Chemist: 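Sharing a structure with you now.
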There are 2 protein chains.
Amino acid sequence: MAATYKDIQKMTGLSLSTISKYFNGGNVRPDNAEAIKRAASELDYRVNSFAQSLRTQKSKTVGVLLPDLTNTFHAQIISGVSLDLMHAGYGVIVGSFGESEESMDDAVEFLLSKMVDGLVVVPTAAGRLPVALQSASNGHPPVVVLDRTPSDDVDSVTVDNERAGLDVGRLLLAHGHRSIGILAGPQGLSSTSQRAAGVLSAFSEVGADVPDANVVHTALSVEQARQAAHGLLTRTDRPTSIFATNSELTVGAAIAIRELQLELPGDLSMVGFDNVDFARALPPGLDIVVQPVPEIAHAAAELLLARMEHAQDGQVAHRVLQCSMMRGASVGAPPLAVRSVR
Amino acid sequence: MAATYKDIQKMTGLSLSTISKYFNGGNVRPDNAEAIKRAASELDYRVNSFAQSLRTQKSKTVGVLLPDLTNTFHAQIISGVSLDLMHAGYGVIVGSFGESEESMDDAVEFLLSKMVDGLVVVPTAAGRLPVALQSASNGHPPVVVLDRTPSDDVDSVTVDNERAGLDVGRLLLAHGHRSIGILAGPQGLSSTSQRAAGVLSAFSEVGADVPDANVVHTALSVEQARQAAHGLLTRTDRPTSIFATNSELTVGAAIAIRELQLELPGDLSMVGFDNVDFARALPPGLDIVVQPVPEIAHAAAELLLARMEHAQDGQVAHRVLQCSMMRGASVGAPPLAVRSVR
DNA sequence: CTGTTAGCGCCTTCAT
DNA sequence: ATGAAGGCGCTAACAG
């Protein structure tokens, strides 16, 4: 059995309230403090956080919820958020659902039943908030939404995706490209859609038409992206450039390119997203858009801490950060003639 | 305020114990059940898991602890473990520490104070179990250790690392290589050390000597691996092959190879570890060792569930699974003459 | 099948 | 500075 105050009481003869005060930083006579300390370590005492939270109605814990632990980008972010939060004295419990709305709801229920003091959520691609969190005034704990923006009335941290897309488009245009294929992720996913939209508006600025067929929607999986890229790149009117709008899509596109033995940037120019290490390893060095991961994590932690410690008042905050480009060597002039593959 | 049984009691007039029985699947008269159900949904009732766990001394929750959420291999495993565990009715809370022993201990304390019913742990590279878990008989919840084996008296799931290394060595030898550089991870990390040892014994089987200087120890970071690989590959007596013993080290090596503009397998043969998508994307297709991730996850979940549901009896279990090779095209004959770089 | 009661471990007035 | 008492929300006897 785990030790409790009562056990310490037996060893020290002190009252429960004194022991409690000791553990909560109150004033206790030095000799008593010493006695409690000794007893505690002797008994391997550990506070029972259930009892504590039941009593105080606070868990000093925040929940982090994301679609997929396997996504390196999300993993990096929550890794940063966790650090900040732990630093502020909060425990962090991470849960994942599988891009399925139903299990997202279950996961939220689970966290709420743990009475988390706050929640960081990356919603499903479909862009719906968990039902339990939908009514802002329903007394649920504060929530910060990351990466994807399902609704206006909840705090969020996102990046300027449209702008990032615009930059990508302009880069490719500057190199002379007038055709592009875009791996645009799932229909309705705000982040990837906005990135694609940015490219499209850059192209339309110069009157370069991008046919609908060049914007391919898939789930956020490497394999689906590979297939989509394969389809795009084996067309006779293959685009001279390709843009992958997130990390999985980037990897999938790279696989297709390797399988088709296309050379970057000789046969094709490519711009990817997010995956710095991958971009550095892939010959000839991949041009990618990089999100400011540490800043995103920081902003999220900051927003949430503010809500948890001060009252639930104040305006809804939408922090929007800027991406940057990490240049590689995968963007060059379009080929004079499209070399056929397969 | 969150609703409690009392609120339901006020609405239905039923007693607390009837309400409790309803929520715990006991026999309740249909009309009463209906009334409770209505009241609960009306009040948006959610069980307070603190009170519940305080009372039952069970949290129906297991903790998963790993060094780094960012490690894709670990992320994949715990993703699988979580699924199995949730399926069995357990909640999962994931915590990470940063390869630091101290924060590992803190994280364990945190999880224990949450009274988790079981623990899945990937220990620090140094191979030490969290202090709180060291005395097997200390009444702590059951623990399953993954990937790294710090101790014999706790259940574990690992792969046959030495055998994997042996296979890699033999593959390279069969292609005619007699020299190899090994990125062997941190000193004392069981997994990567065993993989390196396997290669060494394969080479010694045929009397090929591998100088100590060719076995390079670094932390498990992409950047450190890149630097180490760079050093190895710019030596005048550069080895004709290189083996990276885990996923980060694989990516780091690939970056160095790209930077030095070495061609795989013309200038150098390479075998990596774990990262399937990466291996498929990297030209010309990377030969890697693949761990049976789903099986590892399954075995871990199974072992832990058995310990949690049945008594703490029985022998300590060490499940050892076999890896397989995923062939790419990065292993070929050694170059006739070593082309100098830089 | 339902109600009454006691208590899980802790914190928090309120006295002393 | 310390002690006594009550209760957070829930479950598990036990009675009815």
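What's counted below: heavy atoms across the whole structure, side chains too, no hydrogens, waters or symmetry copies. None of these values were measured; they are calculated from a predicted model. Chain naming here is simple, since letters A, B, ... match the order of the sequence lines and numbering starts at 1 in each.
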Chemist: To the nearest Å, give me how far apart CD1 (A:Ile19) and P (D:dA1) are.
Modeler: 17 Å
Chemist: What residue among A:Val94, A:Val92, A:Val81 forms side-chain contact (heavy atoms from CB on, under 4.5 Å) with A:Val120?
Modeler: A:Val81
Chemist: Can you figure out which of D:dT11, D:dG9, C:dC1 approaches the side chain of B:Leu54 most closely?
Modeler: D:dG9
Chemist: In whole Å, what is the span from the CZ atom of B:Arg46 to the P atom of D:dC8?
Modeler: 20 Å
Chemist: Take the protein atom CZ of B:Phe23 and the nucleotide atom C1' of D:dT11, then report the distance between them rounded to whole Å.
Modeler: 14 Å
Chemist: Is a donor from one side chain sitting under 3.5 angstrom from an acceptor on the other, for B:Asp147 and B:His74?
Modeler: yes
Chemist: Kindly say if B:Gln52 contacts the phosphate of D:dG9, meaning a side-chain N or O under 4.0 Å from OP1 or OP2.
Modeler: no
Chemist: Tell me: NZ of A:Lys60 to C1' of C:dC10, nearest whole Å?
Modeler: 17 Å
Chemist: Between A:Tyr45 and C:dC10, is there a contact of a side-chain N or O with OP1 or OP2 at under 4.0 Å?
Modeler: yes
Chemist: Tell me: CG of B:Leu43 to C1' of D:dG9, nearest whole Å?
Modeler: 15 Å
Chemist: Which whole-number value in Å describes the distance from B:Asn24 CG to D:dA12 P?
Modeler: 7 Å
Chemist: Is a side-chain donor-acceptor pair under 3.5 Å present for B:Ser82 with B:Ser79?
Modeler: no
Chemist: Give a yes/no answer on whether the side chain of B:Asn32 brings an N or O atom under 4.0 Å of OP1 or OP2 in C:dC1.
Modeler: no
Chemist: Find which nucleotide of DNA chain D each of B:Phe50 and A:Asn27 is nearest to by heavy atoms, and output the residue with the more 5' nucleotide.
Modeler: A:Asn27
Chemist: In whole Å, I'd like the distance from the OH atom of A:Tyr22 to the P atom of C:dT12.
Modeler: 18 Å
Chemist: Taking only the side-chain heavy atoms of A:Ser20 (C-beta and beyond), determine which of D:dC8, C:dC8, C:dT12 contains the nearest atom.
Modeler: C:dT12
Chemist: How about A:Ser17 and A:Ser15: does a side-chain donor come under 3.5 Å of a side-chain acceptor?
Modeler: yes
Chemist: Return yes when atom NZ of A:Lys60 has more than 12 non-hydrogen atoms of other residues, nucleotides or ligands closer than 6.0 Å, and no otherwise.
Modeler: yes
Chemist: With respect to the side chain of A:Asn48, which nucleotide from C:dC1, D:dT11, C:dG9 is positioned closest?
Modeler: C:dG9
Chemist: Quick one: does any side-chain atom of A:Asp117 pair with a main-chain N or O of A:Lys58 as donor and acceptor, under 3.5 Å?
Modeler: no
Chemist: Quick test of your reading: applying ring pair (Phe, Tyr, Trp, His ring centres under 6.0 Å), list the pairs with at least one residue in residues 26-49 of chain A, sequence neighbours left out, ordered by first then second residue.
Modeler: A:Tyr5-A:Tyr45, A:Phe23-A:Tyr45
Chemist: Using a 4.0 Å heavy-atom cut-off, does A:Tyr5 contact any base of the nucleic acid, only the sugar-phosphate backbone, or nothing at all?
Modeler: sugar-phosphate
Chemist: For nucleotides 3-7 of chain C, print each protein N/O atom paired with a nucleotide N/O atom at under 3.5 Å, atom names and distance only.
Modeler:
{"from": "C:dG3", "atom 1": "OP2", "to": "B:Ser15", "atom 2": "N", "distance (Å)": "2.8"}
{"from": "C:dG3", "atom 1": "OP2", "to": "B:Ser15", "atom 2": "OG", "distance (Å)": "3.3"}
{"from": "C:dG3", "atom 1": "OP2", "to": "B:Thr18", "atom 2": "OG1", "distance (Å)": "3.0"}
{"from": "C:dG3", "atom 1": "N7", "to": "B:Ser17", "atom 2": "OG", "distance (Å)": "2.6"}
{"from": "C:dT4", "atom 1": "O4", "to": "B:Ser17", "atom 2": "OG", "distance (Å)": "3.3"}
{"from": "C:dG7", "atom 1": "N2", "to": "B:Arg55", "atom 2": "NE", "distance (Å)": "3.4"}
{"from": "C:dG7", "atom 1": "N2", "to": "B:Arg55", "atom 2": "NH1", "distance (Å)": "3.0"}

Chemist: Looking only at side-chain N and O atoms, does A:Gln57 come under 4.0 Å of OP1 or OP2 in D:dG9?
Modeler: yes
Chemist: Report the distance from atom CD of B:Glu34 to atom P of C:dC1, rounded to the nearest whole Å.
Modeler: 17 Å
